[in-house]
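Along the sequence shown, residues are numbered consecutively beginning with 1. These values consider heavy atoms only, across backbone and side chains, with no hydrogens, waters or symmetry-generated copies.
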Amino acid sequence: MSTGLNRIDKRRDIRMPITVDILQKILHSLPFICFSNYEIVTKYQFVSVLRKCLNFANIDTKCYKSHSFRIGAASTCAMLDCPRVVWIVGSSIICHAMTRTIKSTFKKNLQLETNNLSVLWQGKPGMRWEQVFNKIKHLITFIDPPEFLLLHCGGNDIGSSLKSVELIHLILNTIVKIFKLLPKTRLIWSQILPRLEWRNEVNHRALNNVRVRVNRKIANFVLKNNGFYIKYPELIESNTGCFLRIMIQQALQTFLTTNHIVSPPYGESGPWLNMF
């Protein structure tokens with residue numbers, strides 16, 4: 001068995017980690033190479049721009065690849081006390097929350113830098129639960145797993161061809177796979193919010209009841225597995241997107257003190273929160 005674990009390719013790995021000095025050179029050369037307003041780029045774009053930046057800075061591209069950003073990253077972050085990370089993954093409402101947050105006084109990290117917490121927003125319009133696992137699996141090929149993973153998804157699945165039992169089964173199976181993929185990450189279930197109208201709606205009340213059942217079942221499972229649960233009791237169908245970022249911020253602040261369930265009212269303020 002040990003023989004099977006040997007590397008097939010016996011060549012010496014010459015890749016080296018990106019140091020602070022090299023990173024500064026890359027950042028200095030970046031404006032001469034490209035310009036983009038997009039926060040998310042493909043791996044091909046990243047590798048291509050990195051190679052051009054290294055060439056511009058007269059750095060050997062054979063020794064420095066995209067993987068160089070990850071070599072020794074975990075131990076280095078621990079020594080430098082780098083920020084704890086939370087991923088916020090979800091559908092279009094996360095996209096809207098991210099856009100409003102970046103433009104507001106909250107900025108990208110929701111003013112949680114004082115708690116040593118960094119936020120990565122990953123919203124996708126129209127996201128359904130069948131896409132969640134592949135999204136997370138794709139993310140960990142580029143960056144280290146987070147300490148917290150907040151999932152806000154499921155509204156686009158209600159009203160689809162899936163019955164409530166099938167949807168619950170799909171979400172639970174996906175969460176189990178996420179637990180195996182990210183064993184040290186703590187999951188946060190963000191409650192599916194009410195809507196004025198669901199997809200393919202015939203009976204609004206019945207579909208809202210599906211939302212309630214799904215939230216209850218998934219929240220119980222996540223809590224039993226040392227996770228967290230955000231409820232939004234004061235949000236109504238007509239204002240679901242307006243205060244979500246404030247409530248997420250308050251919830252994350254609370255979770256850092258180990259409370260597992262939180263229902264943050266959107267009018268509440270605290271020492272961590274600067275209201276507009």
Query raised in the report: So Val210 and Arg213, side-chain contact (heavy atoms from CB on, under 4.5 Å) or not? Walk me through it.
Result: CA-CA 5 Å; Val210 171; Arg213 285 197 298 272; 3.3 Å; yes

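- When atom types are taken as modelled, the side chain of Trp129 and the backbone of Leu167 share no donor-acceptor pair closer than 3.5 angstrom.
- Atom SG of residue Cys95 and atom CE of residue Met127 lie 8.5 Å apart, to the nearest 0.5 angstrom.
- Rounding to the nearest 0.5 Å gives a distance of 9.5 Å between NE2 of His138 and CD1 of Ile143.
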Report task. For the pair Trp189 and Ile230, evaluate side-chain contact (heavy atoms from CB on, under 4.5 Å) and give the outcome as yes or no after the intermediate values. Result -> CA-CA 6 Å; Trp189 172 254; Ile230 306 178; over 6 Å; no

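- Here the side chains of Ile140 and Leu181 are in contact, with some heavy-atom distance below 4.5 Å.
- Note: the hydrophobic cluster containing Val176 does not contain Val165 (ILVMFWY, side chain heavy atoms under 4.5 Å, direct or indirect links).
- Taking the side chain as every heavy atom from C-beta outward, Leu193 and Arg211 never approach each other to under 4.5 Å.
- Shortest non-hydrogen contact noted between Lys163 and Glu166 is N-OE1, 2.9 Å.
- Note: Leu117 CG to Asn109 CG = 7.5 Å, rounded to the nearest 0.5 Å.
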**Report entry** Audit row: Leu151, Ile178, side-chain contact (heavy atoms from CB on, under 4.5 Å) steps and yes/no
**Finding:** CA-CA 11 Å; Leu151 295 174; Ile178 291 173; 4.0 Å; yes

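- Closest of all the heavy-atom pairs between Thr185 and Pro145 is OG1-CB, 4.1 Å.
- Taking the side chain as every heavy atom from C-beta outward, Leu187 and Phe179 approach each other to under 4.5 Å.
- Nearest heavy-atom pair across Leu150 and Ser190 is CD2-CB, 3.7 Å.
- Of the listed residues (Ile171, Leu170, Leu172), just one forms a side-chain contact (heavy atoms from CB on, under 4.5 Å) with Thr174, and that residue is Leu170.
- In this structure, Asn215 contributes its side chain and Gln191 its backbone to no donor-acceptor pair below 3.5 Å.
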Residues 85-92 side chain polar contacts: donor-acceptor under 3.5 Å, at least two apart:
none

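- Considering all non-hydrogen atoms of both residues, Leu182 and Pro146 come closest at CD1-CD, 4.5 Å.
- Side-chain atoms of Arg205 and Asn208 include no donor-acceptor pair closer than 3.5 Å.
- With sequence neighbours excluded, the residues satisfying side-chain contact (heavy atoms from CB on, under 4.5 Å) with Leu207 are Ile158, Trp198, Glu201.
- No continuous path of ILVMFWY side-chain contacts below 4.5 Å connects Leu162 to Val212, so the two sit in separate hydrophobic clusters.
- Met98 contributes atom CE, which lies 11.5 Å from atom CG of Leu110 (distance to the nearest 0.5 angstrom).
- In this structure, the side chain of Asp157 does not engage the main chain of Arg128 through any donor-acceptor pair within 3.5 Å.
- In plain terms, the two heavy atoms of Ile218 and Ile168 that are nearest each other are CD1-O, 4.1 Å.
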Query raised in the report: Going through the checks in order, is the side-chain contact (heavy atoms from CB on, under 4.5 Å) test met by Ile188 and Tyr229?
Result: CA-CA 6 Å; Ile188 302 172; Tyr229 177 34; over 6 Å; no

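- Counting all heavy atoms, side chain and backbone alike, Val132 lies closest to Cys153 at CG2-SG, 3.9 Å.
- Under 3.5 Å, the side chains of Arg186 and Asn225 contain no donor-acceptor pair of N or O atoms.
- You'll find the side chain of His169 reaches within 4.5 Å of the side chain of Asn173, heavy atoms only.
- Put simply, the side chain of Lys135 does not reach to within 4.5 Å of the side chain of Lys124, judged on heavy atoms.
- To the nearest 0.5 Å, atoms CG (Asp144) and NZ (Lys184) are separated by 11.0 Å.
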